[in-house]
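All values derive from a computational prediction rather than experimental measurement. As the structure lists them, so they are numbered: ligands from 1, and atoms in each ligand from 1.
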Amino acid sequence: MRFSTKAIHAGQKPDPLTGAVMTPVYLTSTYVQEELGKNKGYEYGRVNNPTRDALEANIAALENGKHGMAFGSGMAAIDAVFRLLKPGDHVVVSHNVYGGTYRIGKMVLERYGLHFDFVDTTKLNLVRRNIMKSTKMIFIETPTNPTMEITDLSAMARLAAARKIVTVADNTFATPYLQRPIEHGIDIVVHSLTKYLNGHSDMLGGMVVTNNAKVAERLRFLQKAAGGILGPFDAWLCLRGTKTLAVRMERHGESAMHIAKWLTSQKKVRNVYYPGLPGHPQHKLAKRQMKNFGGMISFELGSLAAAKKFLKRVRLCAFAESLGGVETLISHPATMTHASIPPAQRKKIGVTDGLVRISVGLEDVDDIIDDLENALYSV
Ligand SMILES: *Cc1c(COP(=O)(O)O)cnc(C)c1O
């Protein structure tokens with residue numbers, strides 16, 4: 001099956017009891033057992049649930065992976081992946097990952113003996129130089145949030161495999177419609193379902209996909225042991241979302257390209273970060289690795305005052321955290337998603353006070369541009 005077909009059908013069969021075409025929401029915490037040691041494969045809701053199973057199979061299929069494990073949020077999924085490690089292990093992480101990934105590494109897991117180094121993973125040499133004997137995992141995000149840096153998935157997978165280091169890619173920004181890290185040799189893919197996969201800003205969730213049976217087994221054990229699982233209703237909402245992923249991502253990419261080009265011609269905009277622009281430092285790699293360039297753009301307005309003024313004036317675009325919904329969202333990384341990163345580190349990775357990030361929605365692109373234009377120039 002091809003992508004759009006899998007998005008609609010993978011993991012989902014008509015309900016055996018009624019023939020319902022859509023997977024029911026199995027709102028139950030427990031399942032009746034026929035006799036001692038005999039059940040229908042379901043015992044308790046923390047371990048498994050048929051609606052969650054359907055979503056796990058659906059997204060695993062979209063990533064071309066064998067195993068999917070759903071969690072209560074993207075951060076719960078990332079936390080579970082880091083828990084595959086042991087005290088003393090070292091992790092190399094893309095230097096401008098999602099702020100929450102930085103936070104759980106530096107402020108939570110380092111207290112349990114893991115070590116994290118944040119490195120510019122667009123430069124393989126730098127990654128190589130930061131690898132130690134104790135390095136057990138390389139965690140990358142591509143495109144990165146918010147400066148849209150692209151890491152070479154295949155090259156990173158090769159570099160790590162030669163050293164028996166596990167690779168993880170956070171594929172939240174691209175989604176499996178635009179790129180499938182497992183096909184490049186990456187071992188583990190993580191997602192915040194909250195964003196494009198659900199696509200309607202009405203639930204939170206996370207997913208881990210892998211082809212490695214041992215990793216999958218450990219993650220299933222962690223679902224049961226730590227309990228950070230996704231509830232059935234949220235799983236159902238996300239299943240509804242993935243059905244339209246292909247058409248949504250086409251339109252997000254098309255509109256974002258249009259807006260990115262428009263932004264580059266605005267005199268109040270100093271710099272536009274979008275991998276689809278020929279001037280983007282990894283444009284060629286993005287073209288090779290991604291189906292289109294996605295729906296996320298960042299741009300530089302030069303100062304906190306300019307950003308503040310602009311954000312106060314947008315009307316159609318909602319000033320809010322998050323991304324990947326049908327509606328256009330605008331945010332200010334330095335004070336929102338990246339607030340937990342110390343100012344010096346923020347500066348180093350290009351998250352300036354004048355940087356604004358836009359998640360281009362599915363409204364008419366000319367209405368979005370009208371709103372941006374009005375916010376930039378009205379006095
Ligand atoms: C939002 C996000 C996360 C965290 O996901 P939650 O569902 O909010 O916990 C992780 N990585 C990226 C790239 C994200 O955008």
> Is D170 close enough to touch ligand 1? Criterion: a residue heavy atom under 4.0 Å from a ligand atom.
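Contact present.
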> Would you say the ring centers of F82 and F139 fall short of 6.0 Å from each other?
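Yes; F139 has its ring centre under 6.0 Å from that of F82.
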> If we ignore angles and hydrogens, is there a donor and acceptor under 3.5 Å between the side chains of H191 and E63?
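The answer is yes; a qualifying pair exists.
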> Look at atom 7 (O) of ligand 1 and say which protein heavy atom is nearest, naming residue and atom and giving the distance to 0.1 Å.
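Heavy-atom neighbour on the protein nearest atom 7 (O) of ligand 1: T194 OG1, 2.7 Å.
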> Taking N or O atoms only and a 3.5 Å limit, does L204 qualify as a polar contact for ligand 1?
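In fact, backbone or side chain, L204 has no N or O that close.
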> Check step by step if side-chain hydrogen bond (donor to acceptor under 3.5 Å, both in side chains) holds for T142 and T151.
CA-CA 6 Å; T142 179; T151 290; 5.0 Å; no
> Is S192 in polar range of ligand 1, meaning some N or O pair under 3.5 Å apart?
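Yes, S192 has an N/O under 3.5 Å of an N/O on ligand 1.
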> Could you tell me the residue and atom name of the protein heavy atom closest to atom 8 (O) of ligand 1, and the distance to it rounded to 0.1 Å?
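Checking every protein heavy atom, the shortest distance to atom 8 (O) of ligand 1 gives Y98 OH, 4.0 Å.
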> Using a 4.0 Å cutoff against the non-hydrogen atoms of G74, which atoms of ligand 1 qualify?
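Counting from 1, the qualifying ligand atoms are 5 (O), 6 (P), 7 (O), 9 (O).
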> Decide yes or no on side-chain contact (heavy atoms from CB on, under 4.5 Å) for N271 and Y273, but give the supporting numbers first.
CA-CA 7 Å; N271 202 351; Y273 300 89; 3.6 Å; yes
> Tell me if a side-chain donor or acceptor on K6 pairs with a main-chain N or O of A61 at a distance below 3.5 Å.
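Yes; at least one donor-acceptor contact below 3.5 Å.
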> Are K195 and Y98 in a cation-pi setup, meaning NZ or CZ lies under 6.0 angstrom from the ring centre and within 45 degrees of the ring axis?
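Judged by the rule (NZ or CZ under 6.0 Å from the ring centre, within 45° of its axis), K195 counts as positioned above Y98.
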> Does any N/O atom on K195 come nearer than 3.5 Å to any N/O atom on ligand 1?
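Checking ligand 1 against K195, an N or O pair does fall under 3.5 Å apart.
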> Report yes or no: does G205 have a heavy atom closer than 4.0 Å to ligand 1?
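It does; at least one heavy atom falls under 4.0 Å.
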> What pairs of residues pass the ring-ring contact (aromatic ring centres under 6.0 Å, His included) test when at least one of them lies in residues 297-347, not counting sequence neighbours?
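Applying ring-ring contact (aromatic ring centres under 6.0 Å, His included) to every pair that reaches into residues 297-347, excluding sequence neighbours, yields F299-F310.
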> With atoms numbered from 1 as shown, which atoms in ligand 1 lie under 4.0 angstrom from a non-hydrogen atom of F173?
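Selected atoms, number and element: 15 (O).
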